[in-house]
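Below is one structure, written out as structure tokens, with a few remarks after it.
Start at 1 with the first residue, then count along the sequence. Both ligands and their constituent atoms are indexed starting at 1 by order of listing.
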Amino acid sequence: MAVERTFSIIKPDATARNLTGAINVVIEQAGLRIVAQKRVRMTRGEAETFYAVHKERPFFGELVEMMTSGPVVVQVLEGEGAVARYREIMGATNPASAADGTIRKLYAKSIGENSVHGSDSVDNAAIEIAQFFAGNEIVG
Ligand code: RTP
Ligand code: MG
């Protein structure tokens, strides 16, 4: 399998509960390497751009509010099949349906406040990484 990079966000519900380290343990134990990481406050514009694919969905306003409600930790994760591997350890969008041991099963509060984001394809990962990181901030 190819070495890939994926983009991750530790969302405000998780940073508020001081779960950055606990989530990073799950990531690293799954064999993914954190090759870039920073804590930022997303602006409304950044959140709207980031989730533009969902702009017609009924939950879009709530989603933008949630993503701008507190600090987030943005990350680049690297490893074999990193995009699918991270989706696997994140678990289902709704924590009620997430498999045991996944980040969302362990830590998410609800379908809206679900603790983490992970890219859904290699192409989207590249777009999302470029929205938040300069090339020299990623150290593989
Ligand atoms: P993400 O993009 O954040 O990694 O999550 P995902 O692929 O598992 O889910 P997606 O369908 O892309 O939805 C993006 C985020 O929108 C919020 N959401 N709220 N209230 C709702 O019904 C609802 N549905 C989705 C979640 O925060 C979800 O992660
Ligand atoms: Mg998604």
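Separation of atoms NZ (K11) and CE (M66) is listed at 4.5 Å; rounding is to 0.5 Å.
Cation-pi contact between K38 and F132: absent, since separation from the ring centre below 6.0 Å together with deviation from the ring axis within 45° is not met.
Put simply, no part of M67 is less than 4.0 Å from ligand 1, judged by heavy atoms. Heavy atoms of E113 stay at 4.0 angstrom or farther from ligand 1.
What sits closest to atom 17 (C) of ligand 1 on the protein, heavy atoms only, is L63 CD1, 3.7 Å. For atom 3 (O) of ligand 1, the nearest non-hydrogen atom of the protein is Y51 OH, 2.7 Å. The single protein non-hydrogen atom nearest to atom 4 (O) of ligand 1 is H117 ND1, 2.8 Å, given as residue, atom name and distance. The protein atom (non-hydrogen) at minimum distance from atom 8 (O) of ligand 1 is T93 OG1, 2.5 Å.
You'll find the side chain of M67 stays beyond 4.5 Å of the side chain of R44, heavy atoms only.
Heavy-atom neighbours of E62 CD from other residues, nucleotides or ligands within 6.0 Å: at or below the threshold of 12. Annotation for R33: atom CZ does not count as buried by contact number, only 12 or fewer foreign heavy atoms lying within 6.0 Å.
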Do R85 and L77 pass the side-chain contact (heavy atoms from CB on, under 4.5 Å) test, and can you show the C-alpha distance, the side-chain angles, and the key distance before you say yes or no?
CA-CA 10 Å; R85 181 76 181 124; L77 310 181; over 6 Å; no
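Listed by chain and number, the residues in a side-chain contact (heavy atoms from CB on, under 4.5 Å) with A130 amount to none (sequence neighbours excluded).
Inclusion of F59 in the set of residues having an N or O under 3.5 Å from an N or O of ligand 1 is not warranted. Considering backbone and side-chain atoms together, H54 places an N or O closer than 3.5 Å to an N or O of ligand 1. For the pair G118 and ligand 1, the shortest N or O to N or O distance falls below 3.5 Å.
Relative ring orientation between H54 and F59 is described as tilted, the plane-to-plane angle lying within the 30° to 60° band.
With atom 26 (C) of ligand 1 as the reference point, the heavy atom nearest to it among D120, I111, N94 is part of I111.
Atoms of ligand 1 lying under 4.0 Å from any heavy atom of K11, numbered from 1 in the order shown and given with element: 3 (O), 27 (O), 28 (C), 29 (O). Atoms of ligand 1 found under 4.0 Å from any heavy atom of N114 (numbered from 1 in listed order, with element): 26 (C), 27 (O), 28 (C), 29 (O). Close contacts between ligand 1 and R104 involve ligand atoms 1 (P), 3 (O), 4 (O), 5 (O), 8 (O), 29 (O) [criterion: under 4.0 Å to a heavy atom].
Listed by first and then second residue, the salt bridge (Lys or Arg N to Asp or Glu O under 4.0 Å) pairs involving residues 20-31 amount to none (not counting sequence neighbours).
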